[in-house]
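All remarks here apply to the structure that follows.
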Amino acid sequence: MLEDKEFKAFFSRDAAEVAPDMIGWNFFVNGVGGTIVETEAYNRLDPASHSFKGLSKQNRSMFGSPGCAYVYRIYGLHWCMNFVCSDASAVLLRAIVPIKGVQQMQERRRTNDLITLCSGPAKLTQALGIAGALDGVSLNTSPFEFEPRQQIPLISCGARIGISRAVEVEWRFWLSDNPFVSRSSARRINGSNRRHHVSR
DNA sequence: CCTACGATCCCCT
DNA sequence: GGGGATCGTAGGC
């Protein structure tokens, strides 16, 4: 866990900068979780972002303090988890490698398949027990826990998934050649828009 | 392998 | 009344 000041500074940047920097971190909720391997960035100038049209009832956490959670319900069924960054930008958590509390995750997800246990934004919230009650909560306090990465991994970037606007913006980031991301690497391996991202 | 579709809720237009 | 930062399953090739 980081000191409060360091933690705040880390998230007080645009999500497009923070999103690749989160790849390789460990993230836990009540001790359950694993390694972040896929993220996406959304910001206020971005037509695909919930914050694009300004403050509203359902996106208010996105306009809150950097370093807090923005949890929203999608399609009336699932929950998605974001890390709030500066100026109403946020990092969508899209996939993690299950490390701790695997049995509990398998029970919540009703599957034993490790590859698909947390390979999607709504799968991982179900596995980690994230729901609307955690919307707006500071990420630097219980039940959340972070472990920064020890070295900078090789990261790929490409177009974001499941959006209808600003589809060409390449703000999806993933750990290169990792099988736990939400879309299989086999499908993407010959893709023309696959490229490596230069990280700090 | 791929595409299509239904489930289900709430805010916004 | 529309539509969404999704998922699982069904069915075709």
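Chain letters run A, B, ... following the sequence lines, proteins first, then strands; residues in each count from 1. Basis for what follows: all heavy atoms, side chains included, without hydrogens, waters or symmetry-related copies.
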How is [X] classified with respect to the nucleic acid when contacts are heavy atoms under 4.0 Å: base, sugar-phosphate, or nothing?
X       : answer
A:Met81 : nothing
A:Ala48 : base
A:Gln58 : sugar-phosphate

| message | Would you say the ring centers of A:Tyr70 and A:Tyr72 fall short of 6.0 Å from each other? | response | yes
Taking only N and O in the side chain of [X], is any of them less than 4.0 Å away from OP1 or OP2 of [N]?
X        : N      : value
A:Lys123 : C:dG8  : yes
A:Ser49  : C:dA5  : no
A:Ser56  : B:dC12 : yes

| request: Grab the CG-P distance between A:Asn59 and C:dA5 for me, whole Å please. | output: 12 Å
| Please give, in whole Å, the distance from C:dG8 P to A:Asp113 CG? | 10 Å
| query | Within 45° of the axis and under 6.0 Å from the centre of the six-membered ring of A:Tyr42, does NZ or CZ of A:Arg160 qualify? | reply | yes
Short question: side chain of [X], backbone of [Y] - any donor-acceptor pair under 3.5 Å?
X        : Y        : answer
A:Thr141 : A:Ser138 : yes
A:Ser51  : A:Ala88  : yes
A:Arg60  : A:Gly136 : no
A:Gln106 : A:Asn112 : yes
A:Arg94  : A:Glu38  : no
A:Ser176 : A:Leu154 : yes
A:Arg149 : A:Ile23  : yes

| DNA chain C-proximal residues of residues 100-110 of chain A, any heavy atom under 4.0 Å | A:Arg109
| message | We want to know whether A:Asp4 and A:Asn140 form a side-chain donor-acceptor pair, criterion being a heavy-atom distance below 3.5 angstrom. | response | yes
| task | Answer yes if the side chains of A:Arg108 and A:Gln126 hold a donor-acceptor pair under 3.5 Å, and no otherwise. | result | no
What N/O pairs connect the protein and nucleotides 5-8 of chain B at under 3.5 Å? Give each pair on its own line.
from	atom 1	to	atom 2	distance (Å)
B:dT8	O2	A:Tyr75	O	2.3

| task | With pairs defined as Watson-Crick or G-U wobble and both distances under 3.5 angstrom, please note down DNA chain C as a dot-bracket string, | for pairing with another strand. | result | ||||.|||||||.
